[in-house]
Amino acid sequence: MEETATETVTAPADLPFDVFSKACPSRGTLEHVTGRWGSLTLGALYEGGFRFNELRRRVDGVSEKMLSQTLHALERDGLVHRDARPTNPPRVDYSLTPLGREVAERLVGLIHFMEDRMPTVLAARESYDTARGAR
């Protein structure tokens, strides 16, 4: 069951999932995984487990609130494991579940592909901006 701002959607278990259908619950998970903070969080956790503030430093630019919301969504989707230890002060560690590791592996491949192709992307942007007089 996926909760959206306006409705609750349930997909029958015997129907195939179709992310292109607005009623498909896989759409919400795809948004969690491919959103800016979700993909960066999963990519960081692929490197290993982190405490909250370590993860926040690794995912440069994410606010505490956005990281918290992202981790909650990814935990709910079964991609992230939250390990809260009753110590003083409390210690909370985040790591990937087996499913999260599978997803992150694919994301990390895309991240590396994009990093490798950035010279081509930057050249395309320059060409686009020059052709439109944006500079």
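By convention here, the first residue in the shown sequence is residue 1.
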**Q.** Closest heavy-atom pair and its distance - R91, D93
**A.** NE-OD2, 3.0 Å

Q. CE of M66 to OG1 of T41: how many Å apart, nearest 0.5 Å?
A. 9.0 Å

(Q) Is any side-chain heavy atom of F52 closer than 4.5 Å to one of E64? (A) yes

Q | same_hphob_cluster(V103, F17) at 4.5 Å side-chain heavy-atom cutoff | A | no

Q.
Check for me, please, whether V92 and L42 land in the same ILVMFWY cluster - side-chain distances under 4.5 Å, paths through other members count.
A. yes

**Q.** V62 side chain near T70 side chain, heavy-atom distance below 4.5 Å
**A.** no

Q | Considering all heavy atoms, the nearest G78-L99 contact | A | O-CB, 4.1 Å

Q: Write down the atom of R27, the atom of S21, and the distance for their closest heavy-atom approach.
A: NH2-C, 3.6 Å

Q: Return the minimal non-hydrogen interatomic distance between T34 and S39, and the atom names on each side.
A: O-OG, 4.2 Å

**Q.** 4.5 Å side-chain heavy-atom contact, Y94 and V80
**A.** yes

Q. Measuring from R51:CZ to R56:CZ, what's the distance to the nearest 0.5 Å?
A. 14.5 Å

**Q.** Rounded distance [0.5 Å steps], CG in L67 versus CZ in R58
**A.** 13.0 Å

Q: Answer yes if Y128 and L122 sit in the same cluster of Ile, Leu, Val, Met, Phe, Trp and Tyr residues linked by side chain heavy atoms under 4.5 Å apart, and no otherwise.
A: no

Q) Heavy atoms, side chains only, cut-off 4.5 Å: are E105 and V108 in contact? A) no

Q) Is Y46 reachable from L79 through a run of hydrophobic residues whose side-chain heavy atoms are each under 4.5 Å from the next? A) yes

Q) What's the shortest heavy-atom distance between H81 and T97, and which atoms? A) N-CG2, 3.9 Å

Q | Atom pair OG/CZ of S95 and R82 - distance to nearest 0.5 Å | A | 12.0 Å

Q.
Checking side-chain contact (heavy atoms from CB on, under 4.5 Å) between W37 and each of L74, V59, L71, which is the one that passes?
A. V59

Q | Least distance between heavy atoms, A44 atom then L55 atom | A | CB-CD1, 3.7 Å

Q. What's the verdict on side-chain contact (heavy atoms from CB on, under 4.5 Å) for L110 and R106, showing C-alpha distance, side-chain angles and the deciding distance?
A. CA-CA 7 Å; L110 178 60; R106 287 165 172 77; over 6 Å; no

(Q) Is there a path of hydrophobic side-chain contacts, each under 4.5 Å between heavy atoms of I/L/V/M/F/W/Y residues, joining I111 to M118? (A) no

Q) Has D60 got more than 12 heavy atoms of other residues, nucleotides or ligands less than 6.0 Å from its CG? A) no

